[in-house]
There are 2 protein chains.
Amino acid sequence: MKSKQRPTIRDVAREAGVSYQTVSRVINDSDHVSPHTRGRVWKAVEKLGYRPNRMAQILQTERSLTLEVVMPYFGFNRVLYDMARTAHQRGYNLVIAAIDSDEFPQALESAEARFIDGLILTPLFPFIDDYDELVRLTHGIPFVQIGAKLGAHFPSVIYDHAQGARLATQHLIDLGHRAIAEISGPLLNYDAAARHEGWQATLKDNGIPPQPCIEGDFTIEGGYQAMNDLLDSGAAFTAVFAGNDSMAFGIQTALRERGLHVPGDISIVGFDDIPESAHLVPGLTTVRQDFQLLGQLAVEYLLNLIENRDTPIYQRVLSPRLVIRGSTRPVR
Amino acid sequence: MKSKQRPTIRDVAREAGVSYQTVSRVINDSDHVSPHTRGRVWKAVEKLGYRPNRMAQILQTERSLTLEVVMPYFGFNRVLYDMARTAHQRGYNLVIAAIDSDEFPQALESAEARFIDGLILTPLFPFIDDYDELVRLTHGIPFVQIGAKLGAHFPSVIYDHAQGARLATQHLIDLGHRAIAEISGPLLNYDAAARHEGWQATLKDNGIPPQPCIEGDFTIEGGYQAMNDLLDSGAAFTAVFAGNDSMAFGIQTALRERGLHVPGDISIVGFDDIPESAHLVPGLTTVRQDFQLLGQLAVEYLLNLIENRDTPIYQRVLSPRLVIRGSTRPVR
DNA sequence: CGTCGGAATGTGAACAGTCACAAAAATTGT
DNA sequence: ACAATTTTTGTGACTGTTCACATTCCGACG
């Protein structure tokens, strides 16, 4: 009696007195196995504590039931867990490729070698907006991009950031503001750029001349720094549109240090509606995105692409909505 | 000429005019291959665009170079990305098992079947504090637990939360506070319980009678709710120790709504030092933990356990530190 | 009563590598 | 120059599973 580490399909077959192929059929829930045999096999599986060797299965089937999120530090960390959860519910695993942008091609090579079934991508340098080019790079592995450019012709799930920025800016204009500065996110980020354009367009549509804008980096400290720069520049404004809520936190601190009151002197609108924003003093008026939903939709779309070859290719665009709190007030 | 999908090691061998074993040696950077042959093989690899099939390698070697984080929703989401990054730097992948507590045993079965090399665990119901029991459940896969109980005799990386709570409470006492309430985290969470004990012990050490405590859930809304409950109970206090910063946000809102001023009427100390805390008004005095460091140390320890069989088993305890900001002030 | 159809089961050959050992080639010492 | 040694290369077997196809079994029907 040899004591092997792990029982194999053949051990189970011997135990149950059937062929290994029959065991394979049973564990794969295949048709054409008599209930009687099925029972015997399961009993043997139970008795030996047999678990199929996933790697052998993957080697044979070329399906790993694994999705990979390829993303740089910058961005969507907060959706990771929810994506993993959605994947798990459909029987998939989710692995994170935490890469620098220049490792993108290698990461995709590696994904192919590991039989990754699908990819969640974020926009990466250098930006690639061509579907065929992306298909080539991903070696034909189905993918969905989050945070893609509006209008991209490949599978993607995004928020309409320009629209969100329009809501925010119009809200300020409706309150009588005309001098509306912006602290934008990094403009080579599509989301940041779209918000920036929405702000610009809304000003223009309302006959307001161009207003000052400083580029931040989406962090609290970056917002703080940018607002100080803006104040130092001597620009006059009664309201600020912040590229995201984190920067709004820093902006608010910078204003307070200069003796400027929110919303008495300056109104602020943010973007994202992170949980803390409702509890700032005053509460932050902001544009809400549901990141959890975004991650969930992206994974579900990806799974459909994997499991139904004829799933159509589209861009799903979600509409953000304005949440009005205490940080905005009619201009004096 | 058959046009196979993917070139295999044998195709490369034929192309380079060597045996498949030699190709295997070259791609594994093994010794005893002449520079000349090595060159020929690499050229063939290049020419055919050969990439080793990871699944075949794993099947044979029983090493997947993959770590798995097994965790429920509750907890350490924010360290995911940093752990993935640390793993990546050492050539490992990281997969997330986003499970409910009752799926714990299945998750570990599955990990074994996928030849997961190491596990990052968080405490899960039912709590298991026995090393041998954990080894049994994990099928001998090396693991490191984060957020383990202080004094646990298995590989773990934690902060000393009781110590952090002592720093926070002593700080309030030094400011003259004696009526120091607590809004704790969920007490069956080890971290929350340790903070709670640190608070209690410090009061006792200073000859202060037991103070009111309400159990929250670590969320902003939970903190808001708990503080309202505390105020409704009619308890008298001049300071609050919050189980974490998120709850401190909710607590501050609740106090403000009741017309109580921070720090004028009530001082608050939080725990974690999330980035937003510095930008609350007033800035939140809190106990700082470096989550990034925690994740990084856990992954590094895990990799050592995997790669050196004789890595000692220990609990690494990090010391949090108090960050004093505007939310605490001497008692009136 | 032979044979036909369909369900149930079994067999050989992949899948793409690595390991252990055998064989050949190159290097060294005497 | 020849045996001893070392380095380099090759061969057979094996990892655990699924696929494609072959075979057996069993009742029903002409």
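Note on naming: letters A, B, ... go to the chains in the order of the sequence lines (proteins, then strands), and numbering restarts at 1 for each one. Keep in mind that this is a model prediction, so the values were computed, not measured.
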From the options [options], select the nucleotide whose nearest atom is closest to the side chain of [X].
| X | options | result |
| --- | --- | --- |
| A:R10 | C:dA8, C:dA16, D:dT17 | D:dT17 |
| B:L59 | C:dT18, D:dG16, D:dT18 | D:dG16 |
| A:N53 | D:dT17, C:dT18, C:dA16 | D:dT17 |
| B:I9 | C:dA7, C:dT18, C:dG10 | C:dT18 |
| B:V33 | D:dT18, C:dA16, D:dT9 | D:dT9 |
| B:S19 | C:dG17, D:dT9, C:dT18 | D:dT9 |

Item to check | Backbone N/O of B:D102 and side chain of B:D100: donor-acceptor pair under 3.5 Å | outcome: no
Classify the side chain of [X] and the base of [N] as holding, or not holding, a donor-acceptor pair under 3.5 Å.
| X | N | value |
| --- | --- | --- |
| B:R25 | D:dG10 | yes |
| B:Y20 | D:dG12 | yes |
| A:Q60 | D:dC19 | no |

How long is the line joining [atom1] of [X] and [atom2] of [N], in whole Å?
| X | N | atom1 | atom2 | result |
| --- | --- | --- | --- | --- |
| A:M55 | D:dT18 | CE | P | 14 Å |
| A:R114 | C:dG17 | CZ | P | 15 Å |
| B:N28 | D:dT8 | CG | C1' | 17 Å |
| B:D11 | C:dC15 | CG | P | 10 Å |
| A:E62 | D:dT17 | CD | C1' | 13 Å |
| A:R54 | D:dT15 | CZ | C1' | 16 Å |
| A:Q21 | C:dT11 | CD | P | 11 Å |

Next on the checklist: I'd like to know if B:K47 pairs up with B:E15 as an ion pair, taking the criterion as any Lys NZ or Arg NE/NH1/NH2 lying under 4.0 Å from an Asp or Glu carboxylate oxygen.
Outcome noted: yes
With a 3.5 Å cut-off and no angle check, do the side chains of [X] and [Y] form a donor-acceptor pair?
| X | Y | result |
| --- | --- | --- |
| A:S156 | A:Q315 | yes |
| A:D129 | A:Y190 | yes |
| B:N28 | B:S30 | no |
| A:R114 | A:S110 | yes |

Checklist outcome for this item: dist A:E68:CD -> A:L121:CG (nearest 0.5 Å) comes out at 9.5 Å
Checklist entry - Looking at B:L67, B:D117, B:T66, which one forms a side chain to side chain contact (heavy atoms under 4.5 Å, CB included) with B:N93? => result B:T66
Next on the checklist: Heavy-atom nearest nucleotide on DNA chain D for B:F115 versus B:H32: which residue maps closer to 5'?
Outcome noted: B:H32
Next on the checklist: Please determine whether a side-chain nitrogen or oxygen atom of B:S24 lies at a distance below 4.0 Å from atom OP1 or OP2 of C:dT18.
Outcome noted: yes
Checklist entry - Counting any heavy atom closer than 4.0 Å, what does B:Y50 reach on the DNA or RNA strands: base, sugar-phosphate only, or nothing? => result sugar-phosphate
Next on the checklist: Pick the closest DNA chain C nucleotide for A:T22 and for B:Q57 by heavy atoms, then say which residue is nearer the 5' end.
Outcome noted: A:T22
Checklist entry - So which of residues 36-49 of chain B are in contact with DNA chain C, with a heavy-atom cut-off of under 4.0 Å? => result none
